[in-house]
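So the structure is just underneath, and the comments pick up after that.
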Amino acid sequence: MNKVILAGRLVKDPEAKYTQNGTVYTRFTLAVNRRFSKEPAADFLPIITWNKVAEICGNNLVKGSQVLIEGRIQLNTYEKDGKKQYVIEIIGDNVEFLGSKPKSTPATPQQAAFGAEVPPDEEIPF
């Protein structure tokens, strides 16, 4: 069985995009705290939602939104510079909104320069 349930906060606003055949999807990164580590730590996990779930996420979620994601883990492969690359992503089948909707604030240039957020998402062809 391939099932994952995650609770965390979005590190940036999700953006709805469309495939060539018109299917809507969103990509965003979810920061999930590690509860049992000695030092405060988080994992930054790439999430993809599709169709109606993607529309809802694109229209309602912003940076800092707290959500519960239920989905599955998917391994994608692609070639870059002649080398095979592997990317693990979470396909979010269900998204539950937690807490109130935060106000989105743009990252300062200093945050972006020093990687205070997450490294940029790797674009994967569909």
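Please read all numbers here as calculations on a predicted model, not as lab measurements. Quick note: numbers below take in every heavy atom, side chains included, and nothing from hydrogens, waters or symmetry partners.
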Side chain proximity check, Ile56 to Val95, heavy atoms < 4.5 angstrom: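 Answer no - side chains too far apart.
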Thr29 side chain near Leu10 side chain, heavy-atom distance below 4.5 Å: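 Result no, sub-4.5 Å side-chain heavy-atom pair not found.
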Do you know which two heavy atoms are closest between [X] and [Y], and how far apart they sit?
| X | Y | value |
| --- | --- | --- |
| Ala42 | Asn33 | CB-OD1, 3.9 Å |
| Lys12 | Lys63 | CA-CB, 3.7 Å |
| Asp93 | Val53 | O-CG2, 3.4 Å |
| Val32 | Leu45 | CG2-CD1, 3.9 Å |
| Thr49 | Gly92 | CG2-O, 3.6 Å |
| Ala31 | Val11 | CB-CG1, 3.8 Å |

Short side-chain to backbone donor-acceptor contact, Arg27 and Ile48, under 3.5 Å: no
Main-chain N/O of Val62 paired to Asp13 side chain as donor or acceptor, under 3.5 Å: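 Pair absent, no side-chain N/O of Asp13 close to backbone of Val62.
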For Glu15, salt bridge (Lys or Arg N to Asp or Glu O under 4.0 Å) partners two or more places apart: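 With sequence neighbours excluded, Glu15 shows a salt bridge (Lys or Arg N to Asp or Glu O under 4.0 Å) to no residue whatsoever.
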Mind checking the [atom1]-[atom2] spacing from [X] to [Y]? Nearest 0.5 Å is all I need.
| X | Y | atom1 | atom2 | result |
| --- | --- | --- | --- | --- |
| Ile73 | Glu89 | CD1 | CD | 11.5 Å |
| Thr26 | Trp50 | OG1 | CH2 | 9.5 Å |
| Asn60 | Glu55 | CG | CD | 11.0 Å |

For Gln74, side chain to side chain donor-acceptor pair (under 3.5 Å) partners two or more places apart: Arg72, Asn76
Heavy atoms from other residues, nucleotides or ligands near CG of Asn21 exceed 12 (cutoff 6.0 Å):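 Yes, because the 6.0 Å sphere around CG of Asn21 holds more than 12 heavy atoms from other groups.
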Transitive ILVMFWY side-chain link Val24 to Val67, under 4.5 Å: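 Val24 does not cluster with Val67.
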